[in-house]
Amino acid sequence: MTDALHRVSVSTLRAGLTAGDFSPAELTAHFLDRIERFDSGLNTLVTRCDEGARRQADAVASQKAEALSGIPLIQKDIFCTEGVRTTCGSRMLDQFIPPYQATSAARLAEAGSVLLGKANMDEFAMGSSNETSYYGPVRNPWDTDRVPGGSSGGSAAAVAAGLAPLATGTDTGGSIRQPAALCGITGLKPTYGRVSRYGMIAFASSLDQAGCFARRAEDCAHMLGRMAGFDPRDSTSVDAPVPDYHGGLPADPGMLKGLKVGLPKEYFADGLVPGTRGCVQAAIDELAGQGAEIVEVTLPNTGLAVPTYYVLAPAEASSNLARFDGVRYGHRCEQPRDLEDLYLRSRAEGFGREVQRRIMIGAYVLSAGYYDAYYLKAQKTRRLIADDFARVFEQVNIIASPTTQSTAFRLGEKLDDPVTMYLNDIYTIPANLAGLPGISVPAGFDQGLPVGLQLLAPWFAEQQLLNVAHAYQLLTDWHLQWPEAYA
Amino acid sequence: MSLSESDVAKVAQLAKLKLNESQVPEYAAELSGILEMVETLDSAETDGVTPMAHPLDLSARLRADSVTETDHRDAFQAIAPKVEDGVYLVPRVIE
Amino acid sequence: MSTAWETVIGLEVHIQLNTQSKIFSGSSTAYGAAANSQASAVDLGMPGVLPVINAEVIRKAALFGLAIDAAVAPQSIFARKHYFYPDLPKGYQISQYELPIVSGGHLDVETAALGKRRIGITRAHLEEDAGKSLHEDYAGQTGIDLNRAGTPLIECVSEPEIASAAEAAAYARKLHALVCYLGICDGNMQEGSFRVDANVSVRRRGETTFGTRTETKNLNSFRFLEKAIEYEIERQIDVIEGGGQIVQETRLYDPDTGETRAMRSKEEAHDYRYFPDPDLLPVVIEPAFLDELKSGLPELPDARRARFEQTLALDADSAALLTSTRATADYFEAVLASAGGATPERARLAANWINGELAAALNRDDLAIQASRVAPAQLAGLLLRIEDNTVSGNAAKSVFEGLWQGEADAADAIIEARGLKQITDSSAIEQFVDEVIESNPEQVEQYRSGKTKVLGFLVGQVMKASKGKAKPQDVSRLMQEKLDT
């Protein structure tokens, strides 16, 4: 059985550890071996933590056996990990070893999980293809000429290739759900405020939310149960009880009966590729076959989401990234002539092109004379978009849609056309603007490439979201398909 | 609205990014493209809509006034580019 | 200053709040610690860390709003103000912009030239202080100490309606006294707890538009504030009368030369790109919380001064001096309480001693009244002995000095030990009088022949003989009786 440890669920791994079928050290060694074998072709990790992982695994044996104790995982390199380099995919932080720990990372560590490494990502989480990383692009295990999606591309590709059973991600405009879809795994973005943002390097503070990747929704339930919860160090984290998400999962798909599923017509309009549409339609039919009630709904302001996002996110980013000035940490240029030169060159050298682009857009929309026309306007359209969802959730329990318009595109294909790349995120961005939880689950293949089904639930209804996703995974085995080379 | 090269130079200065001459026209074109996409917002009717600064309609939770931090200067300065005697160093600032 | 010119002054005052911890982090705000030893991850603007608002900061700002008769916002918003400077770790300062916590208050100030005037306060918002740039000792480089970064500040902005340097100083003094009264600021100007920026412009009398203004920054004493403004007014008038134009700029005051000069650092056109800080939610202040604060508000300087004048019948100057700081007024009231209650006579006596002898001693030893070597109860003990004629005024001064030097805990002990008790026994005085009459026949003769001025000399001789313990009034009365018979 030990040669298939990457193929089974977290609960199964945990049972195997408890029964003594294999030790935490053997489990960790299994994944470290796979990283050694496969990662050079995929580039999913910026930093490997082999030594630390072995140490942690050895220490696990004596710990109390809870769900994640002894389970290896990968952290997106946006989470500050004490004593472990945290680059955020940027030259700016190439040498940055934080002396503090992100709250969500600390919680996962306290749960006994084992950190295998830090995942590659788009620089400062700005990108949808993982091509903006200073450490080079990540490749999609289903087709290494294609992108894994982004910005959490390293996390998604690592889980898809079985380099770790679990990985963390962050989702500002779809950065968990989109790569989960393109890599054929499950990716959960919780409600804004559900997981602490402390120690998670900020991109756009009012949109960023930490979440997780796994093959199975039930594994995400384990993980969210440990990551979620109030943090006094994050003013925007919500003080609400954290349910036992895994314990609350249904044993059979019966819960789908009578479930009201809304299909927003705007998410099935032009731009949706037929192959993707077909898979998503089949998934919806599957739910309907179990007695779910399918309702067409409308989210009329969907078209405003991408432009709204590309005002608000760059504005917040330009501000959040002002702290990288070469004074207290991070990249500092050689031999600055004066203070101005120190700022200008350190930042120009430390940030890549996409990041600079967004910083400039952000500075522009906030600058004198433009604030009202851009920023204030976008705050208002954001309200329209959120109100759409509030209205629809009076009618339905859950929203179902494609996660993306099409399957993974080729490396380099959209790099020179930022606007087209941005518009691709039309199905994922609205949930970030509204702060809603969402999940992407595998729903079939179009010409050999995975397609994702996106489910969105009302604020803080993560249990509902996981239950539906789990019920769907009891009915289907799309999430258990493996890219051949990594099976 | 399209951004001129001088707009780009101005905004780069505001954001403290040194651009070389060839970058300015490239960024001008790219940023103009993004702004053009963004300007589709103009068509949205937003009279009377309250701006939304935050996804959750909550108010601030305040912290009690107590000292909870201890001195970790050495750890923080171990990752600093340039320090001396406990202070961060920058090229001379003239007031 | 030529009377053809009119001065327009607005003051921005930065008031450090005396909380234990910083506005957005749990770091200590204590002054004088080793560089950067009180700079946490949040204060350093490390990646990923987040601010959390200190409740005490909100309480103190609300208290301030109530005290200046302003509106305290039911909902206020923190915003980010962007600029790059090495002592500003995040590249932005968390401040308030569109919805400040306090708006629309006023202070009443009084100057000799302009009398009593009400100065409007536009707004008072909360913000975090920056760190400090150290320009010496680093071989041509600047050192950055971020201990001060994140110290809570109220920035209090007056309307541009202050009309002279003296009035500006009066306003600043009044504000300083107020925040100390409220107990929200330690008031230590040397340590930068209370810093003033002065916006000054001049215009020809009768003009309705403002002249171009300059901003002189970081004035940390009332005297410097007044001098800097005086200089700036003269300078601006000279420039305009010489056919020049005032440049809108930031200036610094040099206490050594008494002059202001333009800052040398290049002033970029500021574009602060304010927007609501997405890391912080709106601060909501419930009416019930405000009511509670209101009921706990201490008596404010103006009210206290009025009470001293009205119910204790103090003159205006004494009342003003006593209420110039809360500590002085508290000391005064503690003395009266220790003495067993206030009568107008006792109040006047206490006021004279506090504003006179005590103030001089404090000044001599450079002590604040809180650190006075003579406690209120000790002074009260002394005043009681003056009231009941146990000691003369001169003797009392020496008792006070004894208390100050710690000779004994109570006035009575010193009076006893030094034998300073006044002689109230008239037969004892009579004896001294008789002796003096006997030994000064010449002067007695002069008096009796009508040169009554010599009485003073004779009384003085008695006082000398009694070693000051006789009461001069008694001596004078007795002496006259004897000489006139």
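First the proteins, then the strands, lettered A, B, ... as listed; each starts at 1.
Only the side chain of Ile58(C) comes within less than 4.5 Å of a heavy atom in chain B; its backbone stays farther off. Residue contact with chain C, scored on non-hydrogen atoms closer than 4.5 Å, involves the side chain of His54(B) exclusively. Only the backbone of Phe24(C) has a heavy atom closer than 4.5 Å to any heavy atom of chain B. Interface remark: Arg273(C) contributes side-chain atoms only to the contact with chain B (heavy atom separation under 4.5 Å). Using a 4.5 Å cut-off between heavy atoms, Ser37(C) contacts chain B through both its backbone and its side chain. With a threshold of 4.5 angstrom between heavy atoms, Leu17(C) does not approach chain B through any atom at all. For Ala80(B), no part lies under 4.5 angstrom from a heavy atom of chain C. Contact of Pro282(C) with chain B is made through backbone and side chain together, with heavy-atom distances under 4.5 Å.
In terms of modelled atom types and a separation under 3.5 Å, the side chain of Arg61(B) and the main chain of Val52(C) share no donor-acceptor contact. When atom types are taken as modelled, the side chain of Arg63(B) and the backbone of Pro51(C) share no donor-acceptor pair closer than 3.5 angstrom.
Of all heavy-atom pairs spanning Ala64(B) and Asn54(C), the tightest one is C-OD1, 4.4 Å. What you find for Val87(B) and Gly143(C) is that their closest heavy atoms are CG2-CA, 3.8 Å.
Between Leu44(C) and Tyr88(B), some side-chain heavy-atom pair lies under the 4.5 Å cut-off. A 4.5 Å side-chain heavy-atom check between Lys22(C) and Glu69(B) finds every atom pair outside the cut-off. In this structure, the side chains of Ser21(C) and Asp65(B) come closer than 4.5 Å at one or more pairs of heavy atoms.
Atom CD of Glu292(C) has 12 or fewer heavy atoms from other residues, nucleotides or ligands within 6.0 Å. For NZ of Lys81(C), the number of neighbouring non-hydrogen atoms (other residues, nucleotides, ligands) closer than 6.0 Å is greater than 12. Within a 6.0 Å sphere centred on CD of Glu98(C), other residues, nucleotides and ligands contribute 12 heavy atoms or fewer. Heavy-atom neighbours of Asp42(B) CG from other residues, nucleotides or ligands within 6.0 Å: above the threshold of 12. Atom OH of Tyr97(C) has 12 or fewer heavy atoms from other residues, nucleotides or ligands within 6.0 Å.
The line from CG of Asn36(C) to CG of Asp74(B) is 11.0 Å long, rounded to the nearest 0.5 Å. Here the straight-line distance linking atom OG of Ser27(C) with atom NE2 of His72(B) works out to 9.5 Å at 0.5 Å rounding. Atoms CZ and OG1, on Arg92(B) and Thr142(C) in that order, are 5.5 Å from each other to the nearest 0.5 Å.
In terms of non-hydrogen atom pairs under 4.5 Å with chain B, the most contact-rich of Pro278(C), Ala34(C), Ala39(C), Ala41(C) is Ala41(C). The candidate from Val283(C), Thr19(C), Asp145(C), Val284(C) with the greatest count of non-hydrogen atom pairs under 4.5 Å with chain B is Thr19(C).
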